[in-house]
Amino acid sequence: MSGFNKDELETEARRGLDALKAKTADKPLGPRDRMAVPVQEMPCQNPELRRSNMEEVTSGYGECQARLEAERCLQCRNAPCVQGCPVGVHIPEFIAKLREGEFAAAAGIIGETNLLPSICGRVCPQEKQCQAQCTLGKSLGGPAKAVQIGRLERFVADRAESSKAPAAAAPAAGHSTGKRVAVIGAGPAGLTCAADLRRQGHEVTVYEALQKAGGVMVYGIPEFRLPKALVRREADNLARLGVRFELDFLVGRTRPLRALLDEDGFDAAFVGTGAGLPKFMNIPGENLVGVFSANEYLTRANLMRAYDKGRAATPIYASRRVAVLGGGNVAMDSARMALRLGAEEVHILYRRGREELPARAEEVHHAEEEGVIFDLLSSPDQVLAGDDGRVGGLNVVNFKLGEPDASGRRSPVPIEGSGHFVPFDTVIVAIGNGSNPLIAKTTPNLDVDRHGHIVVDKKQKTSLDRVYAGGDIVLGSATVILAMGEGRRAAAAIGEILQ
Amino acid sequence: MNKIIEKTHLSEEVYRFVVEAPLIARERKAGQFVIVQLDADYGERIPLTIADADPQRGTITLIVQTVGASTRKMALKNAGDEFIVLGPLGNPTHIEKVGWAVCVGGGIGLAPLHPIAQALKAAGNRVTIISGARTKDLLIMQDEMEKIGERNIVVTDDGSAGRKALVTEPLKELCEQKPAPDLVIAIGPPVMMKFCAQTTKPYGVKTLVSLNTIMIDGTGMCGGCRVSVGGVTKFVCVDGPEFDGHEVDWDNMMARLKSYKKFEEEANHKCRLEIEADVLAASQGAAQNGGRR
């Protein structure tokens, strides 16, 4: 596979559309006709080229591709796809508008439920959500053959922005209620919550510890997968809506949460502080120079722009042979970033098999195309020092899959005596995050579970009155869209108490 | 962005900044630090301990030693300029009445030591200070320290002020007294803290050190600051910055500090060239302006 050329794909889609039109001349399209339309591939950069640049890997459907893909939708009455979407986007409705070429109307429909469609279209695990439920996909043998809902969402959102039509996310602020809400953390949960609260007419201030709004979308997800200009645009939209941003402000330290409510006049608060302390393997040698958490590696590269070596003041480790531990999206991002930063060989070590990789299918596929080597059913039990005292390699143990565990995944069992040395100079640990203890530590009576995650009820309310929480600080390591869903639910609940 | 109110050149490599930061000035306690960033796009995040704060005036005081490219660039900033300050970060020093406390400060470590010594005295402790530096010019905060300590023992490597000795020498003498000190707090270069901890260990004197490790966010997200304390991995930003000096794995901590040594040397070189070019351009500009007048 060598990438998909946008122009070629578009030309082919135009032909496909014309052929369909010819058919509709005498009778409307039936399900059989729709099922016969092939899945529209995503145009993307050639892997050989992209593994050494930071530009976005995929370039999005052209108009003909989008309209042809939209023709594949069966417009099911019961819309199972909507059940699969954490924020309940009205999927068949927007696709129907897209089919008719009414792109602005399609954007409007998405915007009713999704504040960040251009981002979700790019980073949601659609094959586990909307596309997993798609009737067409089910009858054709799996989510890969489903209507490409994420790609269509992205097309609509990007199109709305570039045509300067009323953007998907630009509904006006509601009539002023005089109530004030503090949103802590400018990630997907916080931004969604802030937007909804502003639409309800409340005054909203978003507090962010880092120097930029976006949370994981700016520090974690790389430029080549989610352009930062896009995140910036969404934050700017919110600012235009009247949301105030206080950057470089760490609630819990710069000002306690309690003081915001009791002294600064906020009527309610939403805590969306995201993932916290990175998890490590707890194996010997893990504090050697050359072992990084994925958070650190990606934050240096993304937020601090260490890839721009001429201009950035923040250094990034010079690596030749890199081992990434873990199999999720963050592991894929780290591995692909390491390639782009000049590593000669990058391995992903994962204890389970290919089927169990938790990353988005597209990311695994892209990583493979770019030359990332997957060492499946293997994981280290020790990091070993080289002559210079820094990381010299890993003692890698092979695994086999045993019985399914509580999570339903087959649990990996180490194969005795399989340990062997593999040389690496860099190890990136991407096995998830714990919780950040700061808010809980500085806020009396805020209940957390034994993992330190904030405990909430069905409406996202915490143990404290007027304090709500959502996103990774509640869920542990989850996804952008799940965090958004929680932010939205919290905004609705806060709206109720502020009436 | 936070405005610089005052800048003082304390010695060749050391600068004192008084910065407008009313919220930090109000919340900060002894032992905490801030992260400074010169620009949001490409600037490095630099952890710096807070030397002092004035809640009425809404200012904090930072003492900076030019050790790398970013601190060198920071030193070029003047009153009226701005940079980003995030904080206060880390846990405050646990201050209580223990009896006799010895505060050991080396180089610019004297700056963060000052508010701690002050708080210990205010809590009713007998406080002895040991102030150390390479040479007389690098000895800072001496007027303040004289006021706090019942004694301020001064040592320099070259004997240009006080005794010609390392801080560990008077520290050992104090530990030998009966009764020995109840608490030692040592803040300075890692190697100094390591040897202070080694000095007090045989006497069983509790010794706290304040670690300044590599950090990105400073809020518990990156794990770059991790250190091994008593065989357990700790994060300096949320678990520290103060730890039991007898439990810290110093060799690992110091190796980790040098993770980017090569990069830093290159950046430093580049930075010096840039600064020289700036200075040259400024002087030429001044000459031209002078000529026109």
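Every heavy atom of this structure was used, including side-chain atoms; hydrogens, water molecules and symmetry mates were not.
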Residue part contacting chain A, namely of B:Val34, when any heavy atom lies under 4.5 Å: neither

Given a strict heavy-atom distance threshold of 4.5 Å, which part of A:Asp308 is in contact with chain B: side chain, backbone, both, or neither? side chain

Do B:Leu89 and A:Leu250 have side-chain heavy atoms sitting under 4.5 Å apart? yes

Is it the side chain or the backbone of B:Leu23 that comes within 4.5 Å of chain A heavy atoms, both, or neither? both

A:Arg232 atom CZ, over 12 foreign heavy atoms within 6.0 Å: no

So, the part of A:Phe249 with a heavy atom under 4.5 Å from chain B: the answer is both

Are the side chains of A:Glu296 and B:Met221 in contact, using a 4.5 Å heavy-atom criterion? no

Quick one: does A:Leu438's side chain get under 4.5 Å of B:Val238's, heavy atoms only? no

Please flag which part of A:Leu303 lies under 4.5 Å from any non-hydrogen atom of chain B: side chain, backbone, both or neither. backbone

Heavy-atom contact with chain A under 4.5 Å, split by part of B:Asn91: both

Atom pair CG/CD1 of A:Asp248 and B:Ile24 - distance to nearest 0.5 Å: 9.0 Å

With heavy-atom distances below 4.5 Å as the criterion, would you say the side chains of A:Gln211 and B:Gln37 are in contact? yes

Atom pair SG (B:Cys222) and CG (A:Leu298), whose distance is rounded to the nearest 0.5 Å: 11.5 Å

Checking heavy atoms, do the side chain of A:Leu247, its backbone, both or neither come under 4.5 Å from chain B? neither

Within 6.0 angstrom of B:Lys194 NZ, more than 12 heavy atoms from elsewhere: yes

One thing to verify: whether A:Arg255 and B:Glu27 come together as a salt bridge, which I'm taking to mean a side-chain N less than 4.0 angstrom from a carboxylate O. yes

Interface residue of largest heavy-atom contact number with chain B, from A:Thr254, A:Ile316, A:Asn287, under 4.5 Å: A:Asn287

For B:Arg226, is it the side chain, the backbone, both, or neither that has a heavy atom closer than 4.5 Å to a heavy atom of chain A? side chain

Would you say NZ of A:Lys228 has more than 12 non-hydrogen atoms from neighbouring residues, nucleotides or ligands within 6.0 angstrom? yes

Let me confirm one number: the CZ-SG distance from A:Arg253 to B:Cys237, rounded to the nearest 0.5 Å. 9.5 Å

Could you tell me which portion of A:Val429 (side chain, backbone, both or neither) has an atom closer than 4.5 angstrom to a non-hydrogen atom of chain B? neither

When you compare the side chains of B:Asp217 and A:Thr299, does any donor N or O come within less than 3.5 Å of an acceptor on the partner? no

Presence of salt bridge, A:Arg311 and B:Asp41, under 4.0 angstrom: no

Under a 4.5 Å cut-off applied to non-hydrogen side-chain atoms, are A:Pro278 and B:Phe235 in contact? yes

At a 4.5 Å cut-off on heavy atoms, which part of B:Ile214 comes close to chain A: side chain, backbone, both, or neither? side chain

Can you confirm whether A:Leu210 sits close enough to B:Arg45 that some side-chain heavy atom of one is under 4.5 Å from a side-chain heavy atom of the other? yes

Among A:Arg300, A:Lys309, A:Lys441, A:Arg390, which residue forms the greatest number of heavy-atom pairs with chain B at distances under 4.5 Å? A:Arg300

